[in-house]
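The first residue in the sequence is number 1, and the count goes up from there. Note that these values count all heavy atoms, side chains included, but never hydrogens, waters or copies made by symmetry.
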Amino acid sequence: MLLPIDEGLPGFDFVHDAPSLGRSKVAYVIAPSGPPPAKGFPVCYMLHAFGGDRFSWARHGREFLAEHRERVLFVFPESGRRWFMNDASGKRYEDYLMEDLIPAIEASFPVERAERSRIIGGFSMGGAGAVHLALRNPGVFSRAFAISGAFYASERQGDPYASQRASGCMMPTEAEHNRVWGPVGSDIRRSYDTGALLRNAAASGTLPELALEVGTDDYPRVVEQNRRVHRTLDELGVSHAYAEHPGDHGWGFAASSARRLLASLLGSPSV
């Protein structure tokens with residue numbers, strides 16, 4: 001079911017069944033207005049940061065959406081303050097995306113049902129989640145990108161952002177983190193360990209095309225996490241795109257980064 005949104009935004013709500021979560025769910029969709037190509041439109045799934053919602057990208061990314069919305073169908077899932085994973089509390093957001101949302105999109109819109117036409121990306125929590133999902137589900141996505149990805153959350157202990165909370169830190173507290181990831185050493189943490197996922201995918205030859213960006217003024221922990229992924233991919237001999245640009249851990253940087261990355265991954269739109 002499609003529901004229009006009266007927020008001055010260019011898309012609509014897509015209401016669909018989500019058996020993995022035991023209820024119906026809503027994703028925000030921005031679809032091209034013209035006829036699809038013979039095989040259907042490519043699809044880009046974009047995941048929000050911790051505490052965001054399905055409108056976050058549409059509110060902050062109008063420029064890149066305007067550039068690409070006529071040739072790509074954009075889908076914006078919503079998980080709020082949960083990661084896009086099957087977490088320690090029993091919430092199954094990975095199953096929701098892979099088993100419920102993608103099939104519902106492909107049954108409802110004129111999109112190509114092929115790996116080469118599926119892209120996934122995101123910001124912060126959503127950036128790490130996008131890469132994790134692409135690595136854990138080989139053959140589904142051809143390209144994955146992360147903007148300021150909150151990688152290696154499986155290793156987090158305590159609250160490394162405690163000193164920054166007074167300035168409006170958007171990172172989860174220790175309780176919020178452990179609710180999703182479980183205690184140190186949990187099976188969930190092992191299942192979503194960034195390094196292990198990268199090594200396993202490289203060994204099996206199932207890595208999608210990867211692109212990473214991070215702001216040089218981001219939290220030092222986030223900058224180092226992204227550099228660590230970059231180093232690991234280099235050590236594994238995996239070709240990938242990596243860049244650092246001036247910017248902090250905010251939606252302004254995320255929007256400008258998404259514009260750069262999508263132009264690279266999709267190619268510049270024809271004039």
Run through Phe84, Trp83, Phe55 and flag the one making a ring-ring contact (aromatic ring centres under 6.0 Å, His included) with His48.
-> Phe84

For Glu70 and Ser33, test the side chains for any donor-to-acceptor distance below 3.5 angstrom and give the result as yes or no.
-> yes

Looking at side-chain heavy atoms only, is the closest gap between Val180 and Ser89 below 4.5 Å?
-> no

From CA spacing to verdict: side chain to side chain contact (heavy atoms under 4.5 Å, CB included), Glu106, Val43 = CA-CA 9 Å; Glu106 296 187 350; Val43 187; 5.6 Å; no

Side chain to side chain, Phe41 and Pro36, heavy atoms closer than 4.5 Å | yes

Side chain to side chain contact (heavy atoms under 4.5 Å, CB included) between Ile102 and Val75: does it pass, once the steps are laid out?
-> CA-CA 9 Å; Ile102 292 176; Val75 181; over 6 Å; no

Rounded to the nearest 0.5 angstrom, the OG-CD distance for Ser256 and Glu213 is 7.5 Å

Taking the side chain as every heavy atom from C-beta outward, state whether Ser142 and Glu115 have any pair of such atoms under 4.5 Å apart.
-> yes

Would you say Glu99 has more than 12 foreign heavy atoms packed within less than 6.0 Å of its CD?
-> yes

Identify whether the distance between the nearest side-chain nitrogen and carboxylate oxygen of Arg231 and Glu224 falls below 4.0 Å.
-> yes

Answer yes if the ring centres of Phe14 and His16 are under 6.0 angstrom apart, and no otherwise.
-> yes

Can you name the nearest heavy-atom pair linking Gly122 to Ala130, along with the distance?
-> N-CB, 4.0 Å

Say whether, by atom type as modelled, one donor and one acceptor occur between the side chain of Asp218 and the main chain of Val223 under 3.5 angstrom.
-> no

Do any N or O atoms from the side chain of Ser257 and from the backbone of Phe253 form a donor-acceptor pair under 3.5 angstrom?
-> no

Side-chain heavy atoms of Lys91 within contact of Tyr96, under 4.5 Å | no

Between the main-chain N or O of Pro208 and the side-chain N or O of Arg143, is there a donor-acceptor pair closer than 3.5 Å?
-> no

Check Ala255 against His60 and note the closest heavy-atom contact, atom names and distance.
-> CB-O, 3.1 Å

Do Asp193 and Glu155 have side chains that get closer than 4.5 Å, going by heavy atoms?
-> yes

Any idea which heavy atoms bring Ala211 and Leu265 closest together, and the distance?
-> CB-CD2, 4.5 Å

Going by heavy atoms in the side chains, are Tyr219 and Ser124 under 4.5 Å from each other?
-> no

With Arg228 as the cation and Phe151 as the aromatic partner, state whether NZ or CZ is under 6.0 Å from the six-membered ring centre and within 45° of the axis.
-> no

Side-chain contact, heavy-atom cut-off 4.5 Å: Leu266 with Arg71?
-> yes

Look at the side-chain heavy atoms of Ile, Leu, Val, Met, Phe, Trp and Tyr, link any pair under 4.5 Å apart, and say whether Val184 and Ile188 land in one connected group.
-> no

Heavy-atom closest pair (Ala146 atom, Leu261 atom, distance to 0.1 Å) is O-CD1, 4.4 Å

Closest non-hydrogen atom pair between Leu47 and Pro77, with its separation = CD2-CG, 3.7 Å

Which of Phe76, Tyr28, Trp251 passes side-chain contact (heavy atoms from CB on, under 4.5 Å) with Ser56? It is Trp251

Between Trp57 and Phe64, ring centroids under 6.0 Å = yes

Do side-chain atoms of Ser154 reach the backbone of Trp181 as a donor and acceptor pair under 3.5 angstrom?
-> no

For Arg136 and Val131, indicate whether the former's side chain and the latter's backbone hold a donor-acceptor pair under 3.5 Å.
-> no

With distance as the sole test, does Thr194 use its side chain to make a donor-acceptor pair with the main-chain N or O of Tyr152 at under 3.5 Å?
-> yes

Compare every heavy atom of Ser148 with every heavy atom of Asn226, then report the nearest pair and how far apart it is.
-> ND2-C, 3.9 Å

Tested for salt bridge (charged side-chain N to carboxylate O under 4.0 Å, His left out) against Asp87, the lone hit among Arg82, Arg92, Arg189 is Arg82

Leu73 vs Ile105 side-chain heavy atoms within contact, under 4.5 Å = yes

Look up atom OH in Tyr45 and atom CG in Leu133, then write down how far apart they are to the nearest 0.5 Å.
-> 12.0 Å

For the residue pair Glu94 and Asn137, confirm or rule out a side-chain donor-acceptor distance under 3.5 Å.
-> yes

Is a side-chain N or O of Ser204 found less than 3.5 angstrom from the main chain of Ala201, in a donor-acceptor match?
-> yes

Pick out which of Val214, Ile147, Val222 makes a side-chain contact (heavy atoms from CB on, under 4.5 Å) with His249.
-> Val222

Going through the checks in order, is the side chain to side chain contact (heavy atoms under 4.5 Å, CB included) test met by Glu78 and Val26?
-> CA-CA 8 Å; Glu78 183 175 79; Val26 184; 5.7 Å; no

His240 vs His230, side chain to side chain contact (heavy atoms under 4.5 Å, CB included): CA-CA, chis, key distance, verdict | CA-CA 8 Å; His240 63 286; His230 174 48; 2.7 Å; yes

So CD of Glu244 and CG of Leu212: to nearest 0.5 Å the spacing works out to 10.5 Å

Got a donor-acceptor contact below 3.5 angstrom from the Asp95 side chain to the Asn86 backbone?
-> no

Would you call Asp100-Lys25 a salt bridge at under 4.0 Å N-O?
-> no

